[in-house]
Structure formats: C-alpha cells, structure tokens
Amino acid sequence: MTKLYKTIGLIGKPHHEGASLTIENLHQYLTSQKYKVLVEHSVAPSLSIENINKHSLTEIGEMADLAIVVGGDGYMLGAARVLSCYDIGVIGVNRGNLGFLTDLSPTDAIEPLEKILQGESRSEQRFIIEAEVYRHGKLKSANSAVNEAVLHAGKVANMIEFEVYIDGSFMFSQRSDGLIISTPTGSTAYSMSAGGPILTPNLNALSLVPMFPHTLTSRPIVVDGNSEIKLVLANENYENLQVSCDGHVILAVMPGDEVIIRKSENAIRLIHPLDHDYFNVLRSKLSWGNKLY
C-alpha cells in the first residue's frame, strides 16, 4: 500500500525528559515502519538514538510531509510559526499543561498516530497574523503570531495611549495597559484570561481585547478576519513600548509609531484524529460541565 506520508519530522522541547522519551519511542516506531525520519537538530543531543538524521526546522518544513511536535502549546506555537511557511501537516503530542493544540497523549500516541498515517484523520487550516511596526512611514520590524499580537508597555501596570483603526476607519482611542489582537486559535489563551470571547477555530475573525482600560465602557470586540488593524501610538507615551507575538517574539515600539496587524498569507495545517471534537477539548481543558441527559 502506498504511504500517505513518506518523510516525517520529529520536533520537541530540548532537554525535557518527557519529550525526549516520547520522541525516542516515536522514532523507533516510525523507523520500524520504514518511514524516513528527520529529527530537529536542537532536540537531537537529548536523544539516545544512533545514526540520527538531524535537520533544522526549516529543512524539516522543506523536506517532510508531516511534522510531529512534542511539547506544550508554547513549543507548538514556535514550531508552527516556522512550519506555516511550508506545505506540511502538523500533529501535536502534549507534554505541557493544557494542550489546546496538541491532540495526542504521550502515554498513548502510537495507536492514534498509526490511524493518522493510514489516512484516518481530518485536516484543519488555522490562519495566523502578521504584526508590522512602522516609524515615519518605514517598516522597522515584523513577525508572525499563531495566537495573538499584544501591544503593551515594557513595565507592569504602565498605562499607554493609542488609537485603533479598522480598514482605515477610526474605531476608538484608549488609555489602558494595552490591547490583545487574537486569532480564533489564540482565543483560548491570553485573550481568554483577559476576558475575551472564545472563537471557534473555523471562524474568519479577530478579537480585540483591551487590557485594563481606564474606562468602564470599553469591551472586547470581534471583527472580520480580513480586516487591517492599525494601532497609532500617541507621542505622549513613554519610550519603552512593545508588541509581543505569541509571547515569544518582542517588537520594539516608540511613541508615534504605527502597528499594522493583518492576516498572513501563510496558514497552519493541523492534522487531527477522526474522533477529534473541539467542544470536547473545551470541556476537558476548561472543566466545563458534561451533558445532563
């Protein structure tokens, strides 16, 4: 039978005992099934595997048909931002806490993985966003985010002033600790902690969630996913401002700068088991009540 996937990349959190053990087990299974296995080079030194086939994350994106990421959602986010540039499916094995993006259990990953490799799976596209910082009309820095882009001060509890425009139309001005612009994927992350709405992954939408606004009337709002969101920083702000992408990448922002946030041309292709149910994930991770009848 022709294999649906021929080359598989293994990516995991370096120097994490649980992740290393899971990757070793996956490597043994996949090689026994005659798959070509590529291991991300940063995790390779942590593994007890002979003749390991080491490659960079970008090389795995270019060469592999499928990537298996072992770790928590945070590590999954970092890998996904890079892999979104390539036509590759991504599966997550949870070695973190909540694990909204990592479907497979590390203690029982082989059986569902075997079914996925046989084609018993479903594919889901998740869009990501790009954040660009402009100063005097010139692009100064940019990066992408799977979950959210957050405008905030460099110091805790330091209020900033800014204006928000949607597709060129003025929306509001605000004095607050910042603003969270979240994708549906990120709606169960930082945005939810700040009181934002949960968006189902299939929605083409972005949520804007103010962080401790200096007014009682400021509320989260959901806009079309194709919107261009522009943040204009007031000149009266302190100099130490930032835009964080997924909490990993920090873009420096100065008073008077403009921040443009829009949907990226790239997307993540997540591969799920056939029995994957988003609402079951919410019930499980958020401890929602079960059915009464």
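We're numbering straight along the sequence, starting at 1. Please read these numbers as outputs of a predicted model, since none were measured by experiment.
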Smallest separation among heavy atoms of [X] and [Y], with atom names:
X	Y	value
Ser123	Arg269	OG-CG, 3.2 Å
Ile128	Ser144	CD1-CB, 4.1 Å
Ala79	Val69	CB-CG2, 4.1 Å

Taking [X] for the side chain and [Y] for the main chain, is one N or O donor matched with an acceptor at less than 3.5 Å?
X	Y	value
Arg135	Asp257	no
Ser46	His15	yes
Thr102	Gly72	no
Ser284	Asn280	no
Ser182	Ser187	yes
Ser264	Asn266	yes
Asp103	His272	no
Asn94	Ser105	no
Asp246	Asn147	yes
Asn237	Ile160	no

Atom [atom1] of [X] with >12 non-hydrogen neighbours under 6.0 angstrom:
X	atom1	result
Phe212	CZ	no
Tyr238	OH	no
Asn235	CG	yes
Tyr35	OH	yes
Lys54	NZ	no
Glu17	CD	no

| task | Kindly confirm or rule out a cation-pi arrangement of Lys13 over Tyr75, judged by NZ or CZ under 6.0 Å from the six-membered ring centre and within 45° of its axis? | result |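 Output no; distance or angle outside limits.
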Check whether [X] and [Y] end up in the same hydrophobic cluster, where Ile, Leu, Val, Met, Phe, Trp and Tyr are linked by side-chain heavy atoms less than 4.5 Å apart.
X	Y	value
Met192	Val281	yes
Tyr190	Phe100	no
Leu104	Ile88	no
Leu4	Ile271	yes
Tyr278	Trp288	yes

Could you check whether any side-chain heavy atom of [X] comes within less than 4.5 Å of a side-chain heavy atom of [Y], counting everything from C-beta outward?
X	Y	value
Lys36	Asn53	yes
Lys3	Asp65	no
Ile260	Ile229	no
Ile116	Pro273	yes

| Nearest-0.5 Å distance that lies between atom OH in Tyr86 and atom CD in Glu59 |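 Rounded to the nearest 0.5 Å, the OH-CD separation comes out at 9.0 Å.
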| Distance from His27 atom NE2 to Ile68 atom CD1, nearest 0.5 Å? |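 The CD1 atom of Ile68 is 11.0 Å from NE2 of His27, to the nearest 0.5 Å.
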| request: In plain terms, say whether Glu124 and Arg126 are close enough for a salt bridge, that is, a side-chain N and a carboxylate O under 4.0 Å apart. | output: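 Yes, this pair counts.
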| request: Evaluate side chain to side chain contact (heavy atoms under 4.5 Å, CB included) for Leu10 paired with Leu30, printing each intermediate quantity in order. | output: CA-CA 10 Å; Leu10 294 178; Leu30 292 170; 4.0 Å; yes
Can you name the one residue among [options] that meets side-chain contact (heavy atoms from CB on, under 4.5 Å) with [X]?
X	options	result
Ser227	Asn204, Asp167, Leu208	Asp167
Leu179	Val209, Val259, Val164	Val164
Ile23	Val37, Val70, Ile11	Val70

| request: Show your working on side chain to side chain donor-acceptor pair (under 3.5 Å) between Gln242 and Ser244 and close with a plain yes or no. | output: CA-CA 6 Å; Gln242 299 174 346; Ser244 299; 4.6 Å; no
| task | Would you sort out whether Lys230 and Glu228 count as a salt bridge (Lys or Arg N to Asp or Glu O under 4.0 Å), showing the intermediate values? | result | CA-CA 6 Å; Lys230 181 171 69 173; Glu228 179 185 272; over 6 Å; no
| side chain to side chain contact (heavy atoms under 4.5 Å, CB included) between Thr58 and Val82, worked out | CA-CA 7 Å; Thr58 54; Val82 177; 3.9 Å; yes
